Amino acid sequence: MRVCALSELAPGEARRLELDPPVAVFHTDDGDVYAIDDTCTHQDASLADGWLEGCEVECPLHASRFDLRTGRVDAPPAKKPVRTHEVTIDGGEVYITLSDAVPNLPPGVGAPTGGSAPSTAGLA
């Protein structure tokens with residue numbers, strides 16, 4: 001799935017993809033690009049709105065930190081990892097391959113609707 005041109009995602013920035021569940025694509029200051037589920041596993045908050053430092057993102061709500069490479073929780077209160085997705089850069093374009101693993105969603109956030117492909121509305 002095409003996300004955007006790499007030049008449209010500045011280092012240190014993130015882009016939220018309105019999928020089910022949402023996905024965040026991060027471009028680190030080191031030039032690496034990672035994709036994870038956008039919802040913190042502790043409480044419903046967008047990780048794309050968080051603070052990026054190195055290969056970690058800090059949730060803007062309660063400061064849980066997640067490793068973008070593995071999805072692992074590096075700081076509480078979150079206890080469950082976020083799902084990671086494969087990123088490919090080809091010809092200056094960013095693509096992701098969505099994981100088929102079950103997402104770790106926080107309490108009160110519905111599970112993906114399933115039964116059909118994720119919506120790609122709004123993607124370039």
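This one's a predicted model, so the numbers in the text were calculated from it and none came from an experiment.
The CG atom of Asp74 sits 5.0 Å away from the CG atom of Asp67 when rounded to the nearest 0.5 Å. We find the CG-CZ distance between Leu47 and Phe26 to be 5.5 Å, quoted to the nearest 0.5 Å. Of the inter-residue distances, the one linking Leu19 atom CG with Asp38 atom CG reads 10.0 Å to the nearest 0.5 angstrom. Expressed to the nearest 0.5 Å, how far OG of Ser46 lies from CZ of Arg16 amounts to 4.5 Å. Atom CD of Glu86 and atom OH of Tyr95 lie 13.5 Å apart (nearest 0.5 Å). For the atom pair CG (Leu17) and CD1 (Ile96), the distance works out to 5.0 Å, reported to the nearest 0.5 Å.
Take Glu13 and apply the side chain to side chain contact (heavy atoms under 4.5 Å, CB included) test, not counting sequence neighbours, and it matches Leu9, Ala10. The side-chain hydrogen bond (donor to acceptor under 3.5 Å, both in side chains) check on Glu56 picks up Arg65, with sequence neighbours excluded.
Looking at heavy atoms from C-beta onward, Ser64 lies out of side-chain contact with Glu58 at the 4.5 angstrom threshold. For the pair Leu6/Val33, a side-chain contact is recorded, criterion being any heavy-atom separation below 4.5 Å from C-beta on. Inter-residue side-chain proximity for Thr28 and Tyr34 is flagged as met; some heavy-atom pair is nearer than 4.5 Å. Considering only heavy atoms from C-beta on, Arg15 stays 4.5 Å or farther from His27 through its side chain. The closest side-chain heavy-atom distance from Lys80 to Pro106 is not below 4.5 Å. A heavy-atom distance below 4.5 Å is not found between the side chains of Met1 and Thr97. Within the 4.5 Å cutoff, no side-chain heavy atoms of Leu61 are placed close to those of Cys40. Put simply, the side chain of Thr39 reaches to within 4.5 Å of the side chain of Pro22, judged on heavy atoms.
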(request) Output, in order, the C-alpha distance, side-chain angles, deciding distance and verdict of side chain to side chain contact (heavy atoms under 4.5 Å, CB included) for Val57 and Ile36. (result) CA-CA 10 Å; Val57 62; Ile36 61 172; 4.0 Å; yes
(request) Dump the intermediate steps for side chain to side chain contact (heavy atoms under 4.5 Å, CB included) on Lys79 and His42, then the final yes or no. (result) CA-CA 7 Å; Lys79 295 178 180 159; His42 170 250; over 6 Å; no
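Annotation for Ala75 and Ala63: closest pair CB-O, 4.1 Å, computed over non-hydrogen atoms. Minimum interatomic distance between Val25 and Ala35 (heavy atoms only, all atoms of both residues): CG2-CB, 4.1 Å.
Linking Ile, Leu, Val, Met, Phe, Trp and Tyr whenever their side-chain heavy atoms come within less than 4.5 Å puts Val73 and Leu52 in one cluster. In the hydrophobic clustering of this structure, Val23 groups with Ile89; members are Ile, Leu, Val, Met, Phe, Trp, Tyr whose side-chain heavy atoms approach within less than 4.5 Å, directly or through other members. Cluster membership check: Leu105 does not share its hydrophobic cluster with Phe66, using side-chain heavy-atom separations under 4.5 Å among Ile, Leu, Val, Met, Phe, Trp and Tyr.
Side-chain N/O atoms of His85 and Asp37 include a donor and acceptor closer than 3.5 Å. Remark: the Asn104 side chain and the Thr41 side chain contain no N/O donor-acceptor pair separated by less than 3.5 Å.
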